[in-house]
Amino acid sequence: MKPINEMNVSFFSRSSNEGFARAAVAAFAAQLDPTVDELSEIKTAVSEAVTNCIVHAYRDTIGIIYIKAQIYEDGRLVIRVRDKGCGIENVEQAMEPMFTTGGEERSGLGFTVMQNFMDRVRVLSHVGKGTVVTLYRTLESRPVGND
Amino acid sequence: MGVRLTLREGTLTALLSGEIDHHCAKGIREEVDKAAGQTKPRRLVLDFSRVQFMDSSGVGLIMGRYKLMQSIGGIVILANLPEKIEKIVALAGLDRLARIERNWDHETNQ
C-alpha cells in the first residue's frame with residue numbers, strides 16, 4: 001500500500017531540536033484528527049527516538065537525524081527516525097527496560113515508552129552505520145479527508 | 001521550560017513548567033540540586049501542574065532527585081501530575097520511590 005501523504009525532515013542532532021522534532025511530527029499527524037491523548041503519545045514516542053539519536057548514535061559528535069512520516073488510507077501513521085551514527089551492538093539488550101549506557105540520569109526506558117505508546121516499534125541497526133527506528137500507530141478516531 | 005523554587009519549613013518545592021525532555025532536564029537538575037544542596041530539605045516536592053510534556057528524560061530526572069534526597073535522608077513527593085505524565089511515572093515504577101500527591105497545595109505544603 002502506498003501512503004496518501006508523506007513528510008520528510010532532517011536536522012542536526014542538537015538537543016534543542018528535540019522539541020522541534022516532536023512538534024513537526026505532531027503537526028503532520030494532526031491531519032488524522034487524533035485525540036489529545038493520541039497526539040501526546042506520538043509526541044512522546046518521537047521524542048524518545050530522537051533523544052536516542054542525540055544521546056547515543058551521535059554521542060560525542062553532531063550528525064544529521066532524518067524523520068519520515070507517512071499516512072495511509074486506513075488511518076495508519078508510520079514514523080521512521082533514522083541516523084547515521086554508531087549503531088546498536090545488541091538491539092535486544094538496548095530495548096530491555098532500564099538498560100542504559102547513557103549514565104546516571106538516563107532511565108533506560110526510551111524503547112519501553114515507545115513500545116507502550118505505539119502499536120509496533122521496529123529497530124534495524126548496523127554498528128558503525130546507523131539505526132532506523134520505525135514507529136507504527138493506527139489512529140482509530142475519524143476518517144482522513146481527501147485533499 | 002522553567003523551575004521556580006521555594007523553601008518553607010524544610011520542604012523544598014520545585015514548581016516545574018513547560019516541556020521536560022533531555023534538552024531541558026539538565027537545567028532543572030542543576031537548579032534543584034543547587035537549592036537542595038544548600039538547604040538540605042526533608043522533603044522535595046516536584047510540582048508538575050504546569051508541565052505540558054514529559055518523556056523518559058523526566059523519569060531519569062526524578063530517579064536522580066530520589067537518589068539525592070535519599071543521600072540526605074529526605075523524601076520526594078510528585079505533586080499534581082497531569083494524567084498523561086502519571087502514565088509514564090507508573091510505567092517507570094516511580095510510585096515505589098516517591099509519594100504521589102494528586103491535590104498538593106504548595107501554600108500549605110500538604
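Labels below follow one simple rule: chain letters A, B, ... track the order of the sequence lines, proteins then strands, and each chain is numbered from 1. The model shown is predicted, which means the values in this text are computed figures rather than measured ones.
For the atom pair CG (B/D21) and CG (A/N17), the distance works out to 11.0 Å, reported to the nearest 0.5 Å.
Contact annotation for A/T51: only side-chain heavy atoms (C-beta onward) come within less than 4.5 Å of a heavy atom of chain B. Of the atoms belonging to A/V55, it is side-chain heavy atoms, and not backbone ones, that fall under 4.5 Å from chain B. Contact of B/K26 with chain A is not made at all, since no heavy-atom distance falls under 4.5 Å. Proximity to chain B (any heavy atom under 4.5 Å) is restricted, for A/R22, to the side chain, taken from C-beta onward.
For A/N8, the CG atom sits in a packed shell: over 12 heavy atoms of surrounding residues, nucleotides or ligands are nearer than 6.0 Å. Heavy atoms of other residues, nucleotides or ligands lying less than 6.0 angstrom from CD of A/Q93 number more than 12.
Side-chain contact between B/E19 and A/K43: present, with at least one pair of heavy atoms (C-beta onward) separated by less than 4.5 Å. Using a 4.5 Å heavy-atom threshold, the side chains of B/L91 and A/V113 count as touching. Considering only heavy atoms from C-beta on, B/R65 comes within 4.5 Å of A/E105 through its side chain.
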| message | Walk me through whether B/K84 and A/E41 qualify under side-chain contact (heavy atoms from CB on, under 4.5 Å). | response | CA-CA 8 Å; B/K84 55 192 174 188; A/E41 292 178 358; over 6 Å; no
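Taking both residues in full, the closest heavy atoms of B/A92 and A/L109 are given as CB-CD1, 3.3 Å, listed atom of the first, atom of the second, then distance. Taking each heavy atom of A/S15 and B/H23 in turn, the nearest pair found is OG-ND1, 2.6 Å. The minimum heavy-atom distance between B/G60 and A/S107, with the atom names listed, is N-CB, 3.8 Å.
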